[in-house]
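Worksheet for the structure shown next.
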Amino acid sequence: MSEIVGRRLAQLANLPASELKGVGATQAASLGKMGIRSVLDVLMHYPRRYIDRTKEAKIADLEVGEEAAILVNVKRSTQRRTGKGKSMVIVTVTDGTASMDVTFFGQPFREKQLQPGLDAVFFGKLELYGGKRKMTNPVVDLIGNRTGRILPVYGQSEKAGIASWDIARFCEETLSRAGDFAEPLDEELLDRLDLVARTEAFRAIHMPESMAESAAARKRLVFDELLRVQVELVRRKRELERTAVGIAHVVGEGGGPLVKRFHDVLPYELTGAQAKTIGEINEDLAKGHPMHRLLQGDVGSGKTVVAVSAMLVAAQGGHQAALMAPTEVLAEQHHLGIKQLLEDFTVPDTDEGNLFGGAGMDRSLRVALLTNRISAPDRRKILEDMAAGNLDIVIGTHSLISEGIEFKSLGVVVIDEQHRFGVEQRAALRDKGAGDAMPDVLVMTATPIPRTAAMTVYGDLDVSVLDELPPGRTPIVTKWAQSDMDELVVWQQVRDEIAEGRQVYVVCPLIEESEKLEVRSAEETFEELTNGELVGLRVGLLHGRLKSDEKDSVMTQFRAGELDALVSTTVIEVGVDVPNATVMVILDATRFGIAQLHQLRGRVGRGAAKSFCWLVGESKTPDGEARLEALVRSTDGFELAEVDLDLRGEGTIMGERQKGQNDLKLASLRRDREWVVIAREVAMELLDADPDLVKHELLAEEVDLLLKADDIDFLMKS
């Protein structure tokens, strides 16, 4: 192994920021509030934007409504009170081409901060008021009297007294004193990927000579961030595969006798995607280490059939399977559907003391439901049968991980809508395996996320995708009702469909602040519709605050066709399967995100009849309009996930990691899709050739240094 030459990041991590000139106790405390505690933190506090002095925006050239960053000089600053007594600071600025007033509401500190003669960058939208140019509450970056063709602008802590020019000065000193940086990647790899060297990247991200230089620097540092994450995820995944003890299921031809029979009795052929995914899962189940696989499938793509196939592999080998769903409604739906699918199925009895037969005889395959609604005597009996091995498949909610729950031999665990469970909850179910053997785990989500995001969020899992709909499904027609006239058409179609013997869902507005408000909204909508558009029809009401038996009664009536319409909150978002329902009406649709709208729409179109989804409500924002237009345009969940990523960024997706940590300071799952794929491939390539990274000591050191161990541990439990 060759000697490492140059400054290592670990060395800078061990130096407090107070080692830099001008960073006294007060400045160090202010930097600490920004998460900057070491010299490495300073170096990795990257510019949030640049001002290209050769191409910077000018006040005189801006159009009304245009958003831009402008470099200005402060002429005067005054403070007054509004009629309601709130602070209002008015700052007059110029850039040599024109002047304008900038108004700050509720920011009294701006008067002292923005003194005459000061240079600053304002980022905001140009407005016209009384014929004069102005901006209101723009983002402010204090840059002092710095000059240069390319001016880096840093995130700062205005109230703490840290300005952009302070951070620029600290970064320049760090680069000067650090000298050349040690290079963790081989020259051959850098050449192949057209990446600049580490030293050049750090210099050009903070002190670029041109915008092209800053772009090349960003590309290299983005790759470094993504590679570190992928190396750790792939390394831990392979370690789990090498060391964890699982159950080597006997799969057999076609998946085995039970699986083959199950596929034979299905009323339709498996789709190509289902067959491929079941094959991938069977390969995993046959191995001696536990499966850890994510099943991504769009609404209606047939995930349940895949899950049941996996659970039957366990059952035919004398093991048990568990399916955990996030809500009682969904658990009951799964239980009802799976029990019907497996009616009259038998399994060989391997237990001499079994009351249902004896070793070598066949007994009925038993499917049970375990939720909080189960009566105490029934619950006791179910628990006894689980512990004795007399139950083959148990379906439930978080009840499955309650204290005292035991399986005789848990072989396969399926977790539906996994993002709705806490990581510890999922791990607790997995830990219910018998002895040292961990059960095989299949986690499912009906909320597709883009492939590149899956590589980061679920990087420790093997991923299977169902991207075909079963035959006989009719595409859902989605329309957007924006006006009162449009809404009249909606209710007319609802009445027409009901007259044809079909059923309808009406979903009430999402009110995030309070479940009580959502219930009130549902109840008010129910009253309005039953006395108005749906008068004389059989209408049910479903929301989260109904008692369990009331929810059960309403859903039973709706499934049985005893209700024409169901007014509901988002409790029906996933899992509810009523093939006779052909219309989904979503009120105030702009309150919902793309994924939730797509999930709600997926409650219809589950039979052969043509189905419709109406998105009701006027959009007041461009993003809201783009969301609804995307739903009207496409029924492809994966395409919609890409749109969502573009509109909202990766915050919502990284939130799947459940701790809110995002180790990516520069990299964006939205902007850097291609580099996520490249980083994953390079990580696997490096670890195939060098599993312990002996020949890549510096890379291993940086992975350990920059990825929080507890965060990765937490992620791996998923």
* On the ring face of F123, is R49 found with NZ or CZ under 6.0 Å from the centre and within 45° of the axis? -> yes

* Salt bridge check: are D644 and R627 linked by an N-O gap of less than 4.0 Å? -> no

* salt_bridge(R169, E173) N-O dist < 4.0 Å -> no

* Asked: Is there a donor-acceptor pair under 3.5 Å between the side chain of Q107 and the backbone N or O of T103?
  -> no

* Asked: Hey, is the main chain of P184 close enough, under 3.5 Å, to the side chain of E702 for a donor-acceptor pair?
  -> no

* Asked: Is R218 paired with D672 through a side-chain N to carboxylate O contact shorter than 4.0 Å?
  -> yes

* To do: Would you please say whether a donor-acceptor pair under 3.5 Å links the side chains of R293 and S464?
  => yes

* Structure fact -> One should read off an interatomic distance between L226 CG and I678 CD1, to the nearest 0.5 angstrom, of 9.5 Å

* To do: Hey, could you give me the CD1/CD1 distance between I36 and I167, rounded to the nearest 0.5 Å?
  => 5.0 Å

* To do: Ignoring hydrogens and angles, tell me if any N or O in the side chain of T174 forms a donor-acceptor pair with the backbone of F170 under 3.5 Å.
  => yes

* Asked: With no hydrogens and no angle check, is any side-chain donor or acceptor of R198 less than 3.5 Å from a backbone partner on F181?
  -> no

* Asked: Are the side chain of R37 and the backbone N or O of G32 linked by a donor-acceptor pair below 3.5 Å?
  -> yes

